[in-house]
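In what follows, every chain begins at residue 1, and chains take the letters A, B, ... in the order their sequences are listed.
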There are 2 protein chains.
Amino acid sequence: MDHATHTHAKAPQGKGADPTRIERLCIERGLKMTGQRRLIARVLSEAEDHPDVEELYRRAIALDSKVSIATVYRTVRLLEEKGILERRDFGGGRSRYDPADRGHHHHLIDVDTGTVIEFEDEEFERLVEGIAARYGFTLVQQRLELFGKKADAAPDARRRPGPGAGPGAKKDGE
Amino acid sequence: MDHATHTHAKAPQGKGADPTRIERLCIERGLKMTGQRRLIARVLSEAEDHPDVEELYRRAIALDSKVSIATVYRTVRLLEEKGILERRDFGGGRSRYDPADRGHHHHLIDVDTGTVIEFEDEEFERLVEGIAARYGFTLVQQRLELFGKKADAAPDARRRPGPGAGPGAKKDGE
DNA sequence: CTACGTGCAAAGGATTTGCCAGGCT
DNA sequence: AGCCTGGCAAATCCTTTGCACGTAG
């Protein structure tokens, strides 16, 4: 778990107080850092879940209402191209974003509650490397998503997707 | 390329010829089998790949031009809900479909060519069961996608050393 | 100062749905 | 004959984009 960045520089200088992990990465990649990008970078750095664009937008305007959803889309796309963010799809029509610097992990989604559990597994890593090698491939990326339900609690919650996208975890319980 | 049906060349695909796997499943699930559903079932049964709705539609009208894309969407969604089809997302904005009765398999996508290789792996199955159990879950569904490139045949001459690090080669779906 | 970022709204692509006609059991 | 399906097009949902202006470097 990464705790808050305890950089001593806390001078209340408007906004550019302590550069977040994401912001630092942006600068490294030579991105022009504007107020809204800094804001979005901060939201992303503080996110511990996998927010979609709408959610990012909501969190951003909560801090500073001078961002448009279009900018969030643009920024998120830019960061993805720069390898700073990873776009995920848990099957809900909307893309979810995951800071790439958080390390490799996979997801276990509770189909009843929509909760997303992150996990890592060395054995799995070795296994897939082996599978790829078996076909003469070198892995560039991998995606593992497990959808399950709590072994004990099995209240059949019939959730109708309704007008929208298919079934999927819409909330990232947090 | 698809070849002409050499079985009953006389009967213009009336119905009741040879019920396809998918059609049989539909009947088992108590679905009303209409002409277009039978048609779509046939297309799906014959598909060896992972077509998207548009592709299914194309193949369907090639056999019988009396289907609308809306029906394909509806049918495909219905079959997914009945567990006859599995919806996949290889990242291209469109959903791809996979008959669930083909057995459990995963995908290895060649990021250079877009080729999709299917594979199964018992060890993997055991491993994920274990991971789920570790968190007290029973697996309902799982998704494993490997993206890689050929280890040998990859004389990629387009080395693009960008600012900072990261390949950034974003060759998304087809 | 110049190139690039941003806002707004309209465009766009994929998928869904209302309504009425028609087919399957 | 009834209920459900299928067509068509309008409606949604998510995401992208054109244009005019503000700002980082």
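Across the protein-nucleic acid pair, B:Tyr73 atom OH and C:dT16 atom C1' stand 9 Å apart, rounded to whole Å. B:Glu80 places its CD atom 11 Å from the P atom of C:dT15, with the value rounded to the nearest Å. With rounding to whole Å, B:Leu39 atom CG is found 13 Å from C:dC24 atom P. Between the P atom of C:dG12 and the CZ atom of B:Arg94 lies a distance of 17 Å, rounded to the nearest Å. If you measure from atom NZ of B:Lys82 to atom P of D:dC4, you get 12 Å, rounded to the nearest angstrom. Atom-to-atom, CZ of A:Arg38 to C1' of D:dT23 comes out at 12 Å; the value is rounded to the nearest Å. The OH atom of A:Tyr97 sits 13 Å away from the P atom of D:dC14 (whole-angstrom rounding). Rounded to whole angstrom, the span from the CZ atom of A:Arg77 across to the C1' atom of D:dC14 amounts to 13 Å.
Under the rule for a side chain to side chain contact (heavy atoms under 4.5 Å, CB included), the partners of A:Gln36 that lie at least two apart in sequence or sit in another chain are A:Thr34, A:Val67, A:Thr71. The side chain to side chain donor-acceptor pair (under 3.5 Å) test applied to A:Arg58 returns A:Glu54, A:Glu55, not counting sequence neighbours. Partners of A:Lys66 under the side chain to side chain donor-acceptor pair (under 3.5 Å) rule, at least two apart in sequence or in another chain, are A:Asp64.
Clustering ILVMFWY residues whenever any of their side-chain heavy atoms sit less than 4.5 angstrom apart, transitively, puts A:Ile117 in a cluster other than the one holding A:Ile109. Cluster membership for A:Val43 and A:Val53, using ILVMFWY side-chain heavy atoms within less than 4.5 angstrom, is shared. Hydrophobic clustering (side-chain heavy atoms under 4.5 Å, transitive across Ile, Leu, Val, Met, Phe, Trp, Tyr) groups B:Val128 together with B:Phe137.
Between A:Ser45 and A:Arg21, the shortest heavy-atom distance links the atoms O-NH1, 2.9 Å.
Classification of the B:His106-B:Phe124 ring pair by plane angle, with boundaries at 30° and 60°, yields perpendicular.
Considering CD of A:Glu23 and CZ of A:Arg38, their distance stands at 5.0 Å, rounded to 0.5 Å.
Counting only heavy atoms from C-beta on, B:Met33 has its side chain closest to C:dT25 among C:dT25, C:dT16, D:dC13.
A:His50 pairs in a side-chain hydrogen bond (donor to acceptor under 3.5 Å, both in side chains) with only one of the listed residues (A:Arg96, A:Glu118, A:Glu86), which is A:Glu118.
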Measure all distances between protein nitrogen or oxygen atoms and nitrogen or oxygen atoms of nucleotides 20-22 of chain D, and list the pairs falling under 3.5 Å.
none

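The backbone N or O of A:Lys82 sits less than 3.5 Å from a side-chain atom of A:Arg29, completing a donor-acceptor pair.
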| request: Treat primed atoms plus P, OP1 and OP2 as sugar-phosphate and everything else as base, then score nucleotides 4-9 of chain C 5' to 3': B for base contact with protein heavy atoms under 4.0 Å, S for sugar-phosphate contact only, - for none. | output: SSBBBB

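Axis angle between the ends of the helix from C:dC1-D:dG25 to C:dT25-D:dA1, five pairs each and rounded to 10 degrees, works out to 40°.
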